[in-house]
**Q** 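Structure in structure tokens, see below.
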Protein chains: 2
Amino acid sequence: MRSALATDSDLLNAIEDRGYRITSTRRVIAGAIEESPDGFTAEQICGRVPGVGRATVYRAIKLFHEVEVICKMALPDGAPRYAVDTGGRHHHHTICTGCGAVQDFRASTIERVLKAIEADVDGQITGHRMEIYVTCQTCLASAD
Amino acid sequence: MRSALATDSDLLNAIEDRGYRITSTRRVIAGAIEESPDGFTAEQICGRVPGVGRATVYRAIKLFHEVEVICKMALPDGAPRYAVDTGGRHHHHTICTGCGAVQDFRASTIERVLKAIEADVDGQITGHRMEIYVTCQTCLASAD
DNA sequence: ATATTACTGAGACAAAGTATCGTCAATCGC
DNA sequence: GCGATTGACGATACTTTGTCTCAGTAATAT
């Protein structure tokens with residue numbers, strides 16, 4: 001039922017659970033983010049929340065990232081791109097280099113391989129990053 | 001014997017092979033880069049080549065990257081780091097989050113997994129990026 | 001209702017590059 | 001070897017993606 005929750009936004013709930021305040025500004029920013037099913041850039045969000053300071057948008061994005069409800073990744077040229085991360089469990093992403101669309105992608109194989117690699121690596125693994133670049137179906141179709 | 005080559009620098013040879021000019025400035029920059037076995041940042045190179053313009057250093061790094069003799073990667077916070085890429089064949093890197101040391105790392109397993117993944121992905125894979133973050137032996141030892 | 005603390009907006013600052021532009025040097029053609 | 005051509009250079013301005021500071025404001029605690 002979840003009737004006792006202040007909001008039905010996963011983003012807002014996540015920060016509230018960690019003791020951060022839910023403010024009207026954060027509501028607006030979370031709304032703009034949740035309207036972006038294919039990922040977004042920070043500046044896109046800035047553009048969609050007129051009246052909200054740029055610093056505040058970046059602070060909110062950082063906060064959502066900190067509580068792991070949004071994920072930050074990078075295009076081949078290093079340009080950052082964000083996406084909502086509802087699933088929770090660790091996973092990776094495919095990013096379309098044409099339109100920037102981000103999709104989740106969970107491959108248990110990769111996790112196993114990474115574990116196996118640990119033995120070959122000189123030092124102790126503390127984390128990893130992985131992005132798979134694709135041309136999505138839509139971009140493939142429109143390229144015909 | 002390679003006696004006919006203008007230089008014994010892999011970096012300079014690589015750009016010469018692609019038709020770019022070898023200049024005294026590029027010699028100096030290549031020298032500074034090749035003195036960095038554990039990777040480097042662009043600004044570190046700028047600091048080591050006094051008298052050479054910052055833009056020129058960035059242009060040279062970009063050029064070396066273009067001809068694939070240096071590799072660009074990212075620390076967990078996105079800070080860029082470069083490393084010489086002598087091997088040639090595709091591989092990945094481990095990066096020590098303590099000191100930034102970069103090591104090559106070739107896992108055929110990963111390549112196989114990525115191939116297998118292609119079937120699961122919605123769209124056509126065009127590339128990927130992967131970094132493994134570690135605490136290197138030196139940093140582990142000095143943390144005791 | 002008030003005090004405390006966190007949040008906000010504006011704007012300056014920072015890091016990592018890129019673009020422009022006039023000057024200079026490396027290579028090409030002879 | 002010498003001049004013409006093209007590419008490279010340095011300085012500097014600008015761009016992108018953030019972060020920091022600071023004074024003012026809103027949200028929670030008592």
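Per chain, numbering begins at 1; letters A, B, ... match sequence-line order.
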**Q** Given atom CG of A/Leu75 and atom C1' of D/dT16, what is their separation to the nearest angstrom?
**A** 13 Å

**Q** What integer distance in Å separates A/Phe40:CZ from D/dG18:P?
**A** 11 Å

**Q** Got a sec, which pairs hit ring-ring contact (aromatic ring centres under 6.0 Å, His included) with one end in residues 15-53 of chain A, sequence neighbours left out?
**A** A/Phe40-A/Tyr82

**Q** Calculate the interatomic distance between B/Arg18 atom CZ and C/dT27 atom P; express it in whole Å.
**A** 18 Å

**Q** Taking the side chain as every heavy atom from C-beta outward, state whether A/Asp17 and A/Val67 have any atom pair closer than 4.5 Å.
**A** no

**Q** Would you call A/Glu66 and A/Arg18 a salt bridge, taking side-chain N to carboxylate O under 4.0 Å as the test?
**A** no

**Q** Sequence neighbours excluded and cut-off under 3.5 Å, please list the side-chain donor-acceptor pairs for residues 28-37 of chain A, or say none.
**A**
from, atom 1, to, atom 2, distance (Å)
A/Glu34, OE1, A/Ser9, OG, 3.4
A/Glu34, OE2, A/Ser9, OG, 2.9
A/Ser36, OG, A/Ala32, O, 3.1
A/Ser36, OG, A/Ile33, O, 3.3
A/Ser36, OG, A/Arg48, NH1, 2.8

**Q** Mind checking who shares a hydrophobic cluster with B/Tyr133, ILVMFWY linked at side-chain heavy-atom distances under 4.5 Å?
**A** B/Met73, B/Leu75, B/Ile95, B/Val102

**Q** Under a plain distance cut-off of 3.5 Å, with no hydrogens placed, do A/His92 and A/His128 share a side-chain donor-acceptor pair?
**A** yes

**Q** Grab the NZ-C1' distance between A/Lys62 and C/dT8 for me, whole Å please.
**A** 16 Å

**Q** Would you tell me if any nitrogen or oxygen in the side chain of B/Arg26 comes within less than 4.0 Å of OP1 or OP2 on D/dA8?
**A** yes

**Q** How long is the line joining CD1 of A/Ile15 and C1' of C/dC7, in whole Å?
**A** 11 Å

**Q** Of the nucleotides C/dG17, C/dG9, D/dT12, which has the atom closest to the A/Thr25 side chain?
**A** C/dG9

**Q** Could you check whether B/Glu16 pairs with B/Arg21 (Lys NZ or Arg NE/NH1/NH2 to Asp/Glu carboxylate O, under 4.0 Å)?
**A** no

**Q** For the pair made of CD in B/Glu66 and P in D/dG7, what is the distance, rounded to whole Å?
**A** 14 Å

**Q** Could you state the atom-to-atom distance from CE of B/Met73 to C1' of C/dA16 in whole Å?
**A** 16 Å

**Q** Spell out protein contact along nucleotides 24-30 of chain D as letters: B when the base is contacted, S when just the sugar-phosphate is, - when no protein heavy atom is under 4.0 Å; keep the 5' to 3' order.
**A** --BB---

**Q** Determine: side-chain N/O of A/Arg59 to OP1/OP2 of C/dG9, distance under 4.0 Å, yes or no.
**A** no

**Q** Before giving the answer on side-chain contact (heavy atoms from CB on, under 4.5 Å), spell out for B/Arg26 and B/Leu63 the whole-Å C-alpha distance, their side-chain angles and the decisive distance to 0.1 Å.
**A** CA-CA 10 Å; B/Arg26 287 182 178 164; B/Leu63 209 55; 3.6 Å; yes

**Q** Rounded to whole angstrom units, what separation is found between the CZ atom of B/Phe64 and the C1' atom of C/dG17?
**A** 17 Å

**Q** Between B/Arg129 and A/Ile132, is there a donor-acceptor pair closer than 3.5 Å when you use the side chain of the first and the backbone of the second?
**A** no

**Q** Test side-chain contact (heavy atoms from CB on, under 4.5 Å) on B/Arg27 and B/Ile22; report intermediate values, then the result.
**A** CA-CA 7 Å; B/Arg27 250 181 249 279; B/Ile22 294 196; 3.6 Å; yes

**Q** What does the inter-axis angle of the helix from C/dA1-D/dT30 to C/dC30-D/dG1 come out as, five pairs per end, nearest 10 degrees?
**A** 40°

**Q** Side chain of B/Arg54 only, please: which of C/dA16, D/dA11, D/dT17 is the nearest?
**A** C/dA16

**Q** Which residue in the set B/Thr41, B/Thr56, B/Ile70 passes side chain to side chain contact (heavy atoms under 4.5 Å, CB included) when paired with B/Ile61?
**A** B/Ile70

**Q** Under 3.5 Å, is there a donor on one side chain and an acceptor on the other for A/His91 and A/Asp85?
**A** yes

**Q** Hey, does the side chain of A/Tyr58 come within less than 4.0 Å of C/dC7's phosphate (OP1/OP2), counting only N and O?
**A** no

**Q** C/dG17, OP1 or OP2 - any side-chain N/O from B/Lys72 closer than 4.0 Å?
**A** yes

**Q** What parts of residues 43-52 of chain B reach DNA chain D, counting only heavy atoms under 4.0 Å away?
**A** B/Gly51, B/Val52

